[in-house]
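A note on names: the letters A, B, ... follow the listed sequences, proteins ahead of strands, and every chain is numbered from 1.
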Number of protein chains: 2
Amino acid sequence: MFSKACEYAIRAVLFISQKSKDGKKVGIREIAKGIDSPEHFIAKILQDLRRKGLVQSQKGPAGGFYLDKESMNYSLADVVRVVDGDSLFSGCGLGLKQCSEKKPCPLHHTFKQIRGDIYHMLESAKLGEFNKQLEKNVLFLKGE
Amino acid sequence: MFSKACEYAIRAVLFISQKSKDGKKVGIREIAKGIDSPEHFIAKILQDLRRKGLVQSQKGPAGGFYLDKESMNYSLADVVRVVDGDSLFSGCGLGLKQCSEKKPCPLHHTFKQIRGDIYHMLESAKLGEFNKQLEKNVLFLKGE
DNA sequence: TGAATAAAAGACTTTTTTGTCTTTTATTTT
DNA sequence: AAAATAAAAGACAAAAAAGTCTTTTATTCA
């Protein structure tokens with residue numbers, strides 16, 4: 001469904017969100033540990049997200065990644081779009097270059113529905129909204 | 001969503017279904033052209049599907065791939081399971097090794113719903129059911 | 001039986017994705 | 001200003017996915 005990079009991205013962004021809800025910045029090592037991902041790999045992904053403005057960062061001592069007020073309101077759909085592009089939301093399920101209402105693949109109509117559901121779910125999920133549940137250990141960002 | 005191999009597999013299987021509904025067998029070259037896929041690549045995938053019994057084949061002159069009565073009633077979910085495994089139906093959307101009702105990722109509950117929808121859609125889509133619409137050019141298996 | 005045909009099998013290459021390592025740049029603190 | 005810290009950047013390496021090419025095996029038909 002998502003690429004590995006995108007899975008890490010979502011987990012990382014939610015991790016940062018939780019940590020930075022009370023003004024804290026969080027380093028890449030702590031993020032990698034917190035979401036159980038390769039450190040340098042998630043670092044690159046976060047650099048992308050930063051360039052696009054989805055997360056903020058600061059170099060040097062006491063630096064790290066954080067989310068400002070505005071970023072808290074970005075959605076998971078925004079993250080997915082940056083990392084995986086929007087093929088999940090708009091591409092043909094069977095990989096046809098041309099697939100449309102007029103020339104649909106056999107799964108076109110059913111997929112339209114499902115992709116819509118996925119989109120709305122991700123669009124309505126704001127980065128900040130999981131903080132409380134994560135803190136309470138009702139939701140988790142890594143296995144085991 | 002699906003791997004390239006799986007996209008080709010679904011398209012190929014529906015192509016064969018359509019051709020073999022009146023007893024015809026269809027060669028790998030014709031399949032590759034019919035669904036716009038690399039010839040040797042789809043050949044391998046079909047060999048897998050044949051070993052698993054989802055499609056049938058015959059060597060030699062007038063040979064080719066076909067679907068018997070039983071195979072016509074397999075579903076797209078069966079094809080997906082053979083080619084991509086069942087991670088689409090059961091894996092965690094955020095890639096956690098352990099993700100369950102008791103220890104859910106932030107997307108666990110919403111994803112459960114969506115994956116169920118995908119599964120039911122694929123499970124209820126039998127290989128033979130698109131034949132008429134494909135023949136009438138209401139549905140298509142390649143772009144352009 | 002021999003030639004032609006078509007799938008099966010296996011080795012191989014290319015591309016993409018994932019992951020690692022090292023160096024550089026910016027910032028803070030002493 | 002110097003040392004320490006942490007992100008940024010870029011070059012590599014490994015693994016997986018996608019795609020190609022050649023040889024083998026089975027079947028039919030003349």
Side-chain angles (χ1 to χ4, degrees), chain A residues 1-13 15-16 19-20 24-67 82-85 87-88 94-95 97, chain B residues 1-13 15-16 19-20 24-67 80 82-85 87-88 94-95:
Chain A
M1 185 131 241
F2 302 127
S3 67
K4 225 79 183 86
C6 190
E7 291 175 358
Y8 292 145
I10 293 173
R11 283 151 61 189
V13 154
F15 185 82
I16 296 168
K19 295 292 177 182
S20 76
K24 271 190 253 171
K25 291 175 187 118
V26 54
I28 196 65
R29 189 166 314 155
E30 192 181 341
I31 295 170
K33 274 181 191 161
I35 67 170
D36 190 24
S37 77
E39 188 179 320
H40 292 87
F41 192 44
I42 188 59
K44 287 216 164 159
I45 298 163
L46 286 176
Q47 281 160 32
D48 276 1
L49 291 170
R50 188 202 59 97
R51 272 183 227 111
K52 297 281 168 59
L54 289 194
V55 305
Q56 286 69 47
S57 72
Q58 193 180 21
K59 290 185 176 182
F65 290 88
Y66 63 99
L67 298 186
V82 166
V83 180
D84 279 353
S87 64
L88 176 62
L94 295 187
K97 289 161 204 160
Chain B
M1 184 131 242
F2 303 128
S3 69
K4 227 80 186 84
C6 191
E7 290 175 359
Y8 292 146
I10 293 174
R11 282 150 64 187
V13 155
F15 186 83
I16 296 168
K19 296 291 177 184
S20 76
K24 270 191 253 172
K25 291 173 189 118
V26 54
I28 196 66
R29 190 166 312 157
E30 191 179 342
I31 295 170
K33 275 181 190 160
I35 67 169
D36 189 25
S37 78
E39 188 178 320
H40 291 88
F41 191 45
I42 187 59
K44 287 215 164 160
I45 298 163
L46 286 175
Q47 281 160 31
D48 276 359
L49 290 170
R50 188 203 59 99
R51 275 183 225 110
K52 297 282 167 61
L54 289 195
V55 305
Q56 287 69 47
S57 72
Q58 194 180 22
K59 290 183 175 184
F65 291 88
Y66 63 99
L67 299 185
V80 171
V82 167
V83 181
D84 278 353
S87 63
L88 177 62
L94 294 188

*Asks:* Minimum heavy-atom separation for B/K19 and B/K24, please, with both atom names.
*Replies:* O-CB, 3.2 Å
*Asks:* Name the nucleic acid region contacted by B/V26, choosing base, sugar-phosphate or nothing; use a 4.0 angstrom heavy-atom cut-off, strictly under.
*Replies:* sugar-phosphate
*Asks:* On DNA chain C, reading 5' to 3', which nucleotide is the first and which the last to sit with an atom under 4.0 Å from a heavy atom of chain A, could you check?
*Replies:* C/dT18 to C/dT28
*Asks:* Partners of B/F15 by ring pair (Phe, Tyr, Trp, His ring centres under 6.0 Å), sequence neighbours excluded?
*Replies:* none
*Asks:* With sequence neighbours excluded, tell me which residues meet side chain to side chain contact (heavy atoms under 4.5 Å, CB included) with A/D48.
*Replies:* A/R51
*Asks:* At what distance, to the nearest 0.5 angstrom, does CD of B/E39 lie from CD of B/E30?
*Replies:* 11.5 Å
*Asks:* Roughly how far, to the nearest 0.5 Å, is CD1 of A/I31 from CD1 of A/I42?
*Replies:* 7.5 Å
*Asks:* Can you check whether B/V13 reaches B/L54 side chain to side chain, under 4.5 Å on heavy atoms?
*Replies:* no
*Asks:* For B/G64 versus B/Y66, what's the shortest heavy-atom pair and its separation?
*Replies:* O-CD2, 3.9 Å
*Asks:* Please tabulate, one pair per line, each protein N/O and nucleotide N/O from nucleotides 13-20 of chain D that are separated by under 3.5 Å, including the distance.
*Replies:*
unit_1, atom_1, unit_2, atom_2, d
D/dA18, OP1, B/K4, N, 2.9
D/dG19, OP2, B/Y8, OH, 3.2

*Asks:* Atom OG in A/S57, atom CG in A/L67: separation rounded to 0.5 Å?
*Replies:* 11.0 Å
*Asks:* Between N or O atoms, less than 3.5 Å apart, protein on one side and nucleotides 28-30 of chain D on the other: list the pairs.
*Replies:*
unit_1, atom_1, unit_2, atom_2, d
D/dT28, OP1, B/Q58, NE2, 3.0

*Asks:* Contact class for A/R50 vs. all strands (heavy atom < 4.0 Å): base, sugar-phosphate, or nothing?
*Replies:* sugar-phosphate
*Asks:* With A/K4, which residues qualify under side-chain hydrogen bond (donor to acceptor under 3.5 Å, both in side chains), at least two apart?
*Replies:* A/E7
*Asks:* Let me confirm one number: the CE-CE distance from B/M1 to A/M1, rounded to the nearest 0.5 Å.
*Replies:* 3.0 Å
